**Student:** 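First the structure, which I've put down as structure tokens, then a few questions once you've had a look.
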Amino acid sequence: MSSKEQLENKGLKRSMGIGAATSVGVGTMVGAGIFVFPGIAGAQAGAAAILSFAIGGLIALLVALCTSELATAMPSSGGAYVFVSRSFGSLWGALIGISQWLGLVFAAAFYIMGFSDYFKRFLSNIGYDGTTDTILIALIPVLVLFFLNVVGTKKVGSFQNAMVTLLAVLLFAVFFYGLFEVLGFFGQKNLYREFAPKGLEPIFSTTGLIFTSYLGFVQIATIGGDIKNPRKNLPIALLSSVGIVLIMYILVVFVTTAVLTVEELRQYGQLAIAEVARKLLGDNGPIFVIIAGLLATLSSANASIISASRSVYALAKNELIPKKLARLNKRFKTPHYALLFAVLPIVAMLFLEDLELFAEVASFLHLVIYVAVCASLLYFTKCKRDDYQPSFTIPLRRVIPVLAIAGCLLVAMSMNRMSIIIGVVICAIALVYYFFFKRS
């Protein structure tokens, strides 16, 4: 074993296989978005919303290609933070590392509150009419996920894999049935009368709205220190997770916009998926959507927590935050202090309101990270450093990163202004922290 391989294997225990790694990416992306955005996007762009999801998926694939090459050259925990630190130095690395950590915290809090809402709906559907505190319901999965992540990445990987597999089976079962019905195999053919009722312009504005659906695949690189045979498995997990999610979204949007009219999509909004299930499967249809929603939000929260903890772990190893946070549990070889540092701010955020805004802030921070990742690949391509030896190289290495950066910037420019302002303030705070605390 070479000295480089020994260095890569030192520290975290590599216990996650390719299936578990892929499920982290899929689980992060297929969160509340797949139950919220199809109806909203369909109301804005009609059936042409399919193109919005396709454009978003294409941008995500371009970034995933860039990430895949970088991850095989630097297969350690930290992901984008490590890439940017080694290309542009500790200042920009600190900016990306802190943005990555806080972006995942915001996202995890949003997913946990989504789980709480779906669980209350589940109780209502099974006939329980008692009042249940939303915060109490939200705290239980946070504690369970914290415990699972401390016990070991192999166990949490198996748990994540099981959740995502069951989620995918439920969604594919409902919407493949819907696909056959729409195409006329089970009933009367019901395809679109007008594909783009509002023209082509809403397709691009809707892309900015739904791009949050594709945030999360880079978290596979963030947990690179936990993945077996990372030089082979990381590119497969990154690219396949985006591909699986892209297919799922196109299937769900196609059926949703075929079953419901634009007026109905506008009426039902984020509850459109439940109405589609009701029309396809009768009154019991929404229960399948609720169960899938529980699995989706829980798997997204779990993937965000494990990735946030690895961001803290990487920052601590480089002493940008207290080095104690990089300590590993002697029994399970997991960063229990880093996990605690990831979970505590999530718990605090559960008591705040307007978590939807925080989710948009998380999206903006992720776009900043994606731009930095692609810029890092351009740097390594140009400099040709001896210590940069990826096992996977992408074609058109000077073209794909530029296209990915342009796509991310266009999406960011179409986001809510307040989300952009908060995201920029967080980046500024990270820079101030670096200069006034780390330098001193």
Side-chain angles (χ1 to χ4, degrees), residues 23 26-40 106-149 156 159-175 177-178 213 248 252 256 260 264 267-305 343 346-359:
S23 70
V26 175
T28 308
M29 288 183 279
V30 184
I34 202 165
F35 302 96
V36 173
F37 287 129
I40 297 174
F106 288 143
F110 173 72
Y111 294 136
I112 289 293
M113 290 304 292
F115 173 87
S116 181
D117 290 337
Y118 273 109
F119 192 78
K120 291 180 74 172
R121 289 186 190 179
F122 174 76
L123 293 176
S124 177
N125 272 265
I126 62 174
Y128 177 77
D129 296 325
T131 57
T132 308
D133 187 18
T134 302
I135 301 298
L136 178 61
I137 297 175
L139 287 173
I140 294 173
V142 173
L143 295 175
V144 171
L145 293 177
F146 173 74
F147 172 76
L148 283 174
N149 277 279
V156 80
F159 177 67
Q160 181 75 8
N161 213 357
M163 282 194 297
V164 171
T165 300
L166 182 55
L167 168 63
V169 168
L170 281 172
L171 286 175
F172 277 123
V174 172
F175 286 94
Y177 175 82
S213 307
M248 291 177 72
V252 171
T256 300
L260 301 178
E264 288 175 323
Q267 176 187 348
Y268 294 116
Q270 63 185 29
L271 300 177
I273 297 297
E275 185 61 26
V276 170
R278 188 187 305 278
K279 287 197 173 187
L280 293 174
L281 304 175
D283 291 337
N284 291 326
I287 194 68
F288 288 97
V289 173
I290 291 172
I291 293 173
L294 286 169
L295 291 169
T297 49
L298 192 62
S299 65
S300 295
N302 181 53
S304 298
I305 287 172
V343 166
I346 293 172
V347 172
M349 288 187 65
L350 296 179
F351 294 90
L352 302 177
E353 297 180 356
D354 203 5
L355 288 178
E356 289 81 1
L357 176 63
F358 294 149

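Keep in mind the model is a prediction, meaning the values are calculated, not measured.
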**Student:** Please find the pair of heavy atoms, one from Met349 and one from Ala109, that lie closest to each other, and give the distance.
**Tutor:**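 Distance-wise, the nearest heavy atoms are CB-CB, 3.9 Å.
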**Student:** To the nearest 0.5 Å, how far apart are CG in Leu170 and CD1 in Ile290?
**Tutor:** 12.5 Å
**Student:** Testing the basics here: between Tyr111 and Ser304, what is the closest heavy-atom pair and its distance to 0.1 Å?
**Tutor:** CE1-OG, 3.6 Å
**Student:** Whether the side chain of Asn302 engages the backbone of Leu298 through a donor-acceptor N/O pair (distance < 3.5 Å, no angle test) should be reported.
**Tutor:** no
**Student:** What pair of heavy atoms forms the shortest contact from Ile346 to Ala108, and how long is it?
**Tutor:**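 Minimum heavy-atom contact is CD1-CB, 3.5 Å.
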**Student:** To the nearest 0.5 Å, how far apart are CD in Gln267 and CD in Glu275?
**Tutor:**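 So the CD of Gln267 and the CD of Glu275 are separated by 8.0 Å.
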**Student:** Looking only at heavy atoms, what is the nearest atom pair of Thr256 and Pro38, with distance?
**Tutor:** OG1-CB, 4.3 Å
**Student:** Hey, could you give me the CZ/CD1 distance between Phe146 and Ile305, rounded to the nearest 0.5 Å?
**Tutor:** 10.0 Å
**Student:** Report the residues that fulfil side-chain contact (heavy atoms from CB on, under 4.5 Å) with Ala138, sequence neighbours left out, ordered by chain and then residue number.
**Tutor:**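 Partners of Ala138 by the side-chain contact (heavy atoms from CB on, under 4.5 Å) criterion, ordered by chain and then number, come out as Ile112, Met113, Ser116, Leu350.
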**Student:** Can you tell me how far apart CD1 (Ile34) and CG (Leu171) are? Round to the nearest 0.5 Å.
**Tutor:** 5.0 Å
**Student:** Would you check if Tyr268 and Val276 make a side-chain contact, meaning some heavy-atom pair closer than 4.5 Å?
**Tutor:** no
**Student:** For a quick test of reading the model, state the closest non-hydrogen atom pair linking Gly39 to Ala272 and the distance between them.
**Tutor:**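 Distance-wise, the nearest heavy atoms are CA-CB, 3.6 Å.
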**Student:** Is any side-chain heavy atom of Val289 closer than 4.5 Å to one of Arg278?
**Tutor:**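 No, too far: nothing below the 4.5 Å cut-off.
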**Student:** Considering residues at least two apart in sequence or located in another chain, which fulfil the side-chain contact (heavy atoms from CB on, under 4.5 Å) criterion with Leu143?
**Tutor:** none
**Student:** Under 6.0 Å from the CZ atom of Phe288, do we count more than 12 heavy atoms belonging to anything else shown?
**Tutor:**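 Result for CZ/Phe288: open.
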**Student:** Carefully, step by step, assess Phe110 and Thr297 under the rule side-chain contact (heavy atoms from CB on, under 4.5 Å).
**Tutor:** CA-CA 9 Å; Phe110 173 72; Thr297 49; over 6 Å; no
**Student:** Could you tell me which non-hydrogen atom of Ala274 sits nearest to which non-hydrogen atom of Pro286, and how far apart they are?
**Tutor:** O-CG, 3.9 Å
**Student:** Please work out whether the ring planes of Phe115 and Phe119 are parallel, tilted or perpendicular, with thresholds of 30° and 60°.
**Tutor:** parallel
